[in-house]
Amino acid sequence: MTKDMKDIVALCKRRGFIFQASEIYGGINGFWDYGPLGTELKNNLRDAWWRDMVITPPIGPDGTPLEIVGLDSAIIQNPNVWVSSGHVGGFTDPMVDCQETKKRYREDHLHVIKASDDEWVAVHEEAEDSEIEKRFKKLNIKHAEDLERTPLTDIALSDYSKIYAPDAKEKGTLLEPKAFNLMFETYIGATQSDDNKAYLRGETAQGIFINYKNVLDSTRVRVPFGIAQIGKAFRNEVNPRNFIFRSREFEQMEMEWFCDPEDAPQWFEFWKEERQRWWKSVGLKDKDMIFREHGQDELVFYSQGTFDIEYQFPFTAPGYGELEGVAYRTNYDLTQHQEGSKTKMEYIDPMDPKNRYIPHVIEPAAGLTRGVLALLCDAYTVDENRPSGVFLDFTPAMAPKKAAILPLTAKGEHPEIATKLYLELRKHYAIDLDIKQNIGKRYARQDEIGTPYCFTIDDDTVANGTVTVRERNTMAQERIHIDKVLDYLREKIDG
RNA sequence: GCGGGUGUAGCUUAAUGGUAAAGCCCCUGCCUUCCAAGCAGGUUACGAGGGUUCGAUUCCCUUCACCCGCUCCA
């Protein structure tokens with residue numbers, strides 16, 4: 001039985017994990033709201049990351065604990081931050097559309113071969129000569145001897161009328177290149193003009209880089225150290241798709257690890273390992289993940305290595321979708337901000353003041369909301385042998401509700417004892433108390449929201465103080481004393 | 001952004017140019033000593049806007065959202 005995205009989305013809505021944003025107004029493309037359980041789940045994943053990064057960072061290769069501090073920067077920064085980072089202008093890839101075939105190409109991916117003065121043929125940059133010859137034959141154009149290629153970026157717009165687009169029959173069907181900028185624009189103050197234009201952050205990372213000096217000067221951290229931040233980021237995606245996987249407003253968990261350039265390659269290896277381990281620790285199954293080093297051709301120009309942690313989502317299968325990228329960004333960002341802000345970003349080694357350098361950065365950048373989606377997809381388990389037909393196999397630590405307290409009947413002393421137990425347990429964990437309806441329905445409901453344990457109060461509880469524990473995945477039951485319930489939960493959740 | 005598809009209750013599905021039906025879920029009560037049981041009752045829907053029409057959920061137009069493919073994802 002395969003997991004169907006439709007069913008997962010339906011369950012998310014039915015049980016209050018994730019809703020279409022602005023649903024009662026007809027929705028809004030690329031935005032999602034988190035319901036009561038989705039919020040709990042997201043917070044659990046977020047808190048686990050914060051705990052494992054900032055509160056209790058990993059032990060380093062030399063046996064000493066790493067030093068990582070937290071940050072919460074503004075979503076809107078001085079717009080020059082995004083000019084220096086390259087998000088405004090530099091990184092946008094102009095696209096050209098073909099009027100005839102409705103296809104769209106990256107301008108810098110197309111090459112043009114000039115067969116004659118007015119018959120030019122556009123081809124993909126990776127097209128081989130043999131393919132190109134076929135293309136010429138099809139167009140019935142005698143091809144030039146040398147097949148010399150000119151990048152489309154070097155061709156004047158006025159010459160577009162001579163070009164046959166890669167998949168077109170007619171020439172002159174390519175339209176003017178359009179720049180796509182994914183930054184969300186806004187205006188500061190009540191009037192709108194270019195003077196007060198600003199951007200919603202496209203990533204949380206830049207907030208870290210621009211506070212690097214502040215953190216150094218205020219916290220006594222020394223290289224190597226990290227600054228971690230969790231928060232919303234915004235990208236005006238051309239085409240949001242696949243539930244919450246690519247949305248225009250999303251949440252990131254990013255850490256910038258500042259280190260000596262000489263040590264950077266070792267730290268890169270360290271964080272690759274560490275981040276793989278972490279995703280497994282929150283419950284993702286090894287068999288559904290892939291760990292992938294980017295090839296040279298995939299790397300952005302300033303990166304000396306990028307490592308993807310990807311998950312096999314139902315909508316990407318048999319392929320994978322990115323959960324986290326661990327990138328060796330060199331000192332690119334700090335250097336950019338040093339130039340852009342005229343603020344020195346040099347680090348002076350306190351043990352050796354002659355040793356000055358701009359730290360290199362290893363960046364483990366994870367998608368929190370993508371992580372939530374992976375947890376949901378991973379947990380979704382079809383089981384036709386149980387009333388609900390499905391259950392969510394969250395780890396106890398990630399489950400939105402840790403346990404449900406269920407009086408077997410709504411009569412006698414059952415509800416009273418159940419309520420007392422509930423009042424005790426809820427001081428420690430997110431607990432459900434559910435009294436109404438028959439017990440089977442209540443178990444089924446808890447299965448659907450992934451509650452790992454149900455404690456049921458029956459006549460034996462009244463007689464001898466024991467309750468049944470019903471385990472979600474196996475539906476097996478055992479009896480334990482009511483006084484041991486909290487210890488039992490502690491052991492399962494934190495132990 | 002392009003092409004195709006789909007929008008009726010929380011879900012699954014009906015019917016209809018003239019008061020929109022059912023099953024499941026949900027809620028209330030009864031009953032129930034362990035997995036959506038039974039009985040009685042109850043809430044909830046034509047994605048939005050416009051047009052045609054005496055009257056539109058139904059026909060037409062526009063729009064929005066979702067799904068699939070293409071494109072894209074610094």
Side-chain angles (χ1 to χ4, degrees), chain A residues 4-7 9-16 19-32 35 82 85-106 109 167 175 178-183 202-203 205-206 233 235-243 245-248 250 298-303 306 315 321-322 325 327 367 383 385-391 406-412 414 436-448 454-463 467-470 472 474-477 479:
Chain A
D4 189 335
M5 212 49 215
K6 250 190 195 152
D7 299 330
V9 173
L11 174 68
C12 283
K13 183 178 182 189
R14 187 168 70 247
R15 291 303 182 188
F19 307 121
Q20 168 69 44
S22 310
E23 192 181 14
I24 62 170
Y25 283 96
I28 179 165
N29 188 249
F31 298 88
W32 300 90
W82 304 103
S85 72
H87 287 77
V88 178
F91 283 137
T92 56
D93 298 312
M95 308 292 299
V96 287
D97 286 321
C98 173
Q99 213 168 14
E100 181 192 318
T101 62
K102 307 296 182 195
K103 291 198 179 222
R104 170 177 289 171
Y105 312 92
R106 263 174 70 163
H109 280 184
D167 303 282
L175 300 173
K178 271 191 292 187
F180 285 78
N181 194 328
L182 297 172
M183 292 297 284
E203 62 179 26
Q206 297 304 323
R235 294 180 193 182
N236 224 336
E237 296 287 356
V238 176
N239 191 1
R241 275 288 166 93
N242 293 324
F243 200 29
F245 183 77
R246 178 175 304 136
S247 47
R248 295 191 164 117
F250 58 102
E298 277 182 281
L299 291 177
V300 283
F301 68 91
Y302 53 77
S303 178
T306 298
F315 50 82
E322 185 183 346
D383 177 4
N385 295 320
R386 68 176 69 207
S388 58
V390 66
F391 66 100
L406 312 174
L408 189 58
T409 70
K411 291 193 306 191
H414 298 175
K436 299 289 175 65
Q437 298 184 319
N438 76 61
I439 190 72
K441 284 190 185 186
R442 286 177 282 161
Y443 283 146
R445 203 153 39 210
Q446 297 299 333
D447 280 348
E448 273 204 337
C454 292
F455 298 103
T456 304
I457 280 74
D458 59 10
D459 283 345
D460 286 354
T461 315
V462 179
V467 299
T468 47
V469 187
R470 183 257 195 192
R472 177 195 61 209
T474 59
M475 298 193 282
Q477 303 191 350
R479 291 200 81 92

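Because the structure is a prediction, the values reported are computed rather than measured. Letters A, B, ... mirror the listed sequences (proteins, then strands); counts begin at 1.
At whole-Å resolution of the value, CG in Leu11(A) and C1' in C24(B) are 16 Å apart. Distance CZ (Phe315(A)) to P (G69(B)): 11 Å, rounded to an integer number of Å. At whole-Å resolution of the value, CZ in Arg246(A) and C1' in A74(B) are 13 Å apart.
Distance from the side chain of Asn242(A) is smallest to C68(B) among U32(B), A36(B), C68(B). For Lys13(A), counting side-chain heavy atoms from C-beta on, the closest listed nucleotide (G69(B), G10(B), C35(B)) is G10(B). Here C66(B) is the nucleotide among C66(B), C68(B), G10(B) with the atom lying nearest to any side-chain atom of Asn29(A). When each of A65(B), C35(B), A74(B) is scored by its nearest atom to the side-chain atoms of Tyr302(A), the top-ranked nucleotide is A74(B). When each of A36(B), U32(B), C34(B) is scored by its nearest atom to the side-chain atoms of Ala410(A), the top-ranked nucleotide is U32(B). Here the nucleotide nearest the side chain of Asn239(A), chosen from G1(B), C34(B), C66(B), is G1(B). Considering only the side chain of Arg241(A), G1(B) comes nearest among C35(B), G1(B), A74(B). The side chain of Lys436(A) has G29(B) as its nearest neighbour among G29(B), G1(B), A36(B). Closest contact between the side chain of Gln20(A) and the listed nucleotides A65(B), A36(B), C34(B) involves A65(B). Of the candidate nucleotides G3(B), C73(B), C34(B), C34(B) has the atom lying nearest to any side-chain atom of Thr468(A).
Of the residues near RNA chain B, Asp447(A) and Ile24(A), the one whose nearest nucleotide (by heavy atom distance) lies more toward the 5' end is Asp447(A).
Between Arg470(A) and Asp447(A), at least one side-chain nitrogen of the basic residue sits less than 4.0 Å from a carboxylate oxygen of the acidic one, meeting the salt-bridge criterion.
Under the Watson-Crick or G-U wobble criterion, with both distances below 3.5 Å, C26(B) is paired with G42(B). When both distances must be under 3.5 Å, the Watson-Crick or G-U wobble mate of U19(B) does not exist. Base pairing analysis places C34(B) opposite nothing; no Watson-Crick or G-U wobble pair with both distances below 3.5 Å involves it. Of all nucleotides present, none satisfies the Watson-Crick or G-U wobble test against G55(B) with each distance under 3.5 Å. Under the Watson-Crick or G-U wobble criterion, with both distances below 3.5 Å, G69(B) is paired with C2(B).
Contact annotation for Arg386(A): no contact, since no heavy-atom pair falls under 4.0 Å across all strands. Among the protein residues, Gln446(A) comes within range of no part of the nucleic acid, since none of its heavy atoms lies under 4.0 Å from any strand. Using a 4.0 Å heavy-atom distance criterion, Glu23(A) is classed as making no nucleic acid contact. Heavy atoms of Phe19(A) sit nowhere under 4.0 angstrom from any nucleic acid atom.
Contact annotation: Arg445(A) side-chain N/O to C27(B) OP1/OP2 distance is under 4.0 Å. Gln437(A) has no side-chain polar atom (N or O) that falls below the 4.0 Å cut-off from OP1 or OP2 of A36(B). Within the structure, a side-chain polar atom (N or O) of Lys441(A) is placed less than 4.0 Å from OP1 or OP2 of C26(B).
For a distance-only test at 3.5 Å, the side chain of Tyr25(A) fails to qualify as a donor-acceptor partner of the base of C64(B). Contact of Asn438(A) with A36(B) (side chain to base): no donor-acceptor pair of N or O atoms is detected under 3.5 Å.
Closest approach of Gly27(A) and Gln20(A) over heavy atoms only: CA-NE2, 3.7 Å.
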